[in-house]
Engineer: 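One structure is given below, represented as structure tokens, and several questions about it will come after.
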Number of protein chains: 2
Amino acid sequence: MSKPEASHSPPEPESTESTRRRILEAALDEFSEHGRAGARVDRIATAAKINKAMIYYHFSSKDNLYREAIADICGRIAGDVAQHALAGGTLEEVLRAIASAYAELFRSRPQLRSIFLDELARPQGEILEVIASALRDSGAPKLLFGRLQEESVSGRMREVDIKQAVTSFITLNLGYVFLHPLIDRLLGIEDTGAFMEERKTALVDLFLHGVEVRS
Amino acid sequence: MSKPEASHSPPEPESTESTRRRILEAALDEFSEHGRAGARVDRIATAAKINKAMIYYHFSSKDNLYREAIADICGRIAGDVAQHALAGGTLEEVLRAIASAYAELFRSRPQLRSIFLDELARPQGEILEVIASALRDSGAPKLLFGRLQEESVSGRMREVDIKQAVTSFITLNLGYVFLHPLIDRLLGIEDTGAFMEERKTALVDLFLHGVEVRS
DNA sequence: TATATATAACTAAACAGTTGGTTAAACCAA
DNA sequence: TTGGTTTAACCAACTGTTTAGTTATATATA
């Protein structure tokens, strides 16, 4: 006595939050993989296992979905970075903690990388501001800036422009994350993961030596 | 006695090279501004002042046009960088020359930045190889690697992993170029151009101090 | 020398498929 | 019954690409 399968039987209605979440997650994957212009709404719908119209019901437009998907994940960045217990300690300890935090951020949230690169390639003020805020709220830039100022004032660090120094540390960290497809080819690096692991130590080492007072 | 205007009268045929050049230039602008998926063939045709069908006559497909436009401009990179007379001199002089070359490359060819970021975001082996080859052929990576090895062997440089050191120098240089929209926001930098100028000196300074033997 | 032919470059129009988005109706839990 | 959620079908515009026709020019041929 088998029940006739309905030609269309919608799954049990879920909570709004649950549906939105599924859409946001599918969207982030799609935008990460194809970029904003290359992403397809119907692919997002398929991946989220919903009818395409639901995307418009919840998010109004493709563009708005893009914005909200990024805002959603950026909202997690501060928490992710905080896991690395950025706090006091020697300058070296602080730098190591930040380097680890950044490396782990992009390792644990692989969609972030391509989306950040997209927004860097063609910045949209609004979205870039969301990203910048997230990184700011992580506390890392402020901690870095503050510590470098202390070191400078106390004479443990050479006289260098603090903004340039912070820029250098950030680019030393994020540089390989973002540029590794190119660098791997230029230098014949075959194990990106291993190189990234060594990198965390190497970049802190270089930076510390670069800023310390010559004895 | 006016001649009746033909309903459609194609202009005199130009040389193939001239038409192709116009298309390639318009294409590079379009791809740079909108990305591969966001670029529109009809916009490229309008910008190049040709009939859209000519793009297919000369380049077969949008994708092939993308590839050829990038290959075309990458073919110029080696020459651009060579303008900076990368040669011998002290390590500092070599590093300064390379830093200048990189900064000038992206300043003088503004389309490169977003296109490189696109390919870094979603690498296509073939195109990334064209880009890597262009940078390789510029001679800068080899010069850098070679000089750092010399310095290491002769004891003027600390014992550091050369690949990590080269990676650091490249990321110190290209990092700000690519990440400046974000860094400017994080650090409150208002004059990107001025900061970039200072950067050339600051990054070489940091790097040199970072690798030199402690006396 | 005049004429025919082939070819490359070019055109406007057409094409077929895809895209983001819309709509009216159905569904369902409270 | 109500209001929120969901559906299948639909839509106009857009997209990359193709087609058939035109023109200028070089070359072959009678």
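Hydrogens, waters and symmetry mates are skipped; everything else that's a heavy atom, side chains included, is used. Everything numeric here is computed off the predicted structure, so don't read it as measured data. Chain identifiers are assigned alphabetically (A, B, ...) following the order of the sequence lines, protein sequences preceding nucleic acid strands; residue numbering begins at 1 within each chain.
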Engineer: Taking only the side-chain nitrogens and oxygens of B/Arg40, find out if one of them lies under 4.0 Å from OP1 or OP2 of D/dC14.
Structural biologist: no
Engineer: How close or far is atom P of D/dT15 from atom CD1 of B/Ile44, stated in whole angstroms?
Structural biologist: 12 Å
Engineer: Phosphate oxygens OP1/OP2 of D/dT6: is one of them under 4.0 Å from a side-chain N or O of A/Asn51?
Structural biologist: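 Looking at the OP1 and OP2 atoms of D/dT6, neither is under 4.0 Å from any side-chain N or O of A/Asn51.
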Engineer: Please list, in numerical order, the residues of residues 52-60 of chain A that have a heavy atom closer than 4.0 Å to any atom of DNA chain D.
Structural biologist: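 Hits under 4.0 Å, by residue number: A/Ala53, A/Met54, A/Tyr57, A/His58.
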Engineer: Let me know the distance between CZ of A/Arg20 and P of D/dT6, rounded to the nearest Å.
Structural biologist: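 Roughly 12 Å, once rounded to whole Å.
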Engineer: Please report the closest heavy-atom contact between A/Arg185 and B/Arg136, naming both atoms and the distance.
Structural biologist: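 Closest heavy-atom pair between A/Arg185 and B/Arg136: O-NH2, 3.3 Å.
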Engineer: Separation of B/Tyr66 atom OH from D/dT15 atom P, in whole Å?
Structural biologist: 18 Å
Engineer: Would you tell me if any nitrogen or oxygen in the side chain of A/Thr19 comes within less than 4.0 Å of OP1 or OP2 on D/dT6?
Structural biologist: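 Indeed, a polar side-chain atom of A/Thr19 lies that close.
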Engineer: Does A/Ala45 reach a base, just sugar-phosphate, or nothing at all? Heavy atoms under 4.0 Å.
Structural biologist: nothing
Engineer: Using side-chain contact (heavy atoms from CB on, under 4.5 Å) as the criterion, point out the one residue from B/Asp161, B/Thr171, B/Leu144 that pairs with B/Val166.
Structural biologist: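 Among B/Asp161, B/Thr171, B/Leu144, the one that satisfies the side-chain contact (heavy atoms from CB on, under 4.5 Å) with B/Val166 is B/Leu144.
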Engineer: Over how many whole Å does the gap from A/Ile50 atom CD1 to D/dA8 atom C1' extend?
Structural biologist: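 Taking CD1 of A/Ile50 and C1' of D/dA8, I get 14 Å after rounding.
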Engineer: Could you go through the side chain to side chain donor-acceptor pair (under 3.5 Å) check for A/Arg199 and B/Ser168 one step at a time?
Structural biologist: CA-CA 9 Å; A/Arg199 180 135 198 81; B/Ser168 291; 2.9 Å; yes
Engineer: Is the A/Phe116 ring parallel, tilted or perpendicular to the A/Phe178 ring (thresholds 30°, 60°)?
Structural biologist: perpendicular
Engineer: Heavy-atom distance under 4.5 Å between the side chains of A/Val177 and A/Tyr102, does that happen here?
Structural biologist: no
Engineer: Without swapping roles, check the side chain of B/Asp205 against the backbone of B/Thr201 for a donor-acceptor pair under 3.5 Å.
Structural biologist: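 No, because the side chain of B/Asp205 does not come within donor-acceptor range (under 3.5 Å) of the backbone of B/Thr201.
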Engineer: Output the rounded distance in Å from NE2 (A/His34) to C1' (C/dT19).
Structural biologist: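 It is 15 Å, rounded to the nearest whole Å.
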Engineer: Round to the nearest Å and state the distance from A/Asp42 atom CG to C/dG20 atom P.
Structural biologist: 7 Å
Engineer: Considering every strand and a 4.0 Å limit on heavy-atom distances, what is the contact class for A/Ala37: base, sugar-phosphate, or nothing?
Structural biologist: nothing
Engineer: Would the distance check show the side chain of B/Arg147 and the main-chain N or O of B/Gly89 forming a donor-acceptor pair, the cut-off being under 3.5 Å?
Structural biologist: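 Side chain of B/Arg147 to backbone of B/Gly89: a pair is present.
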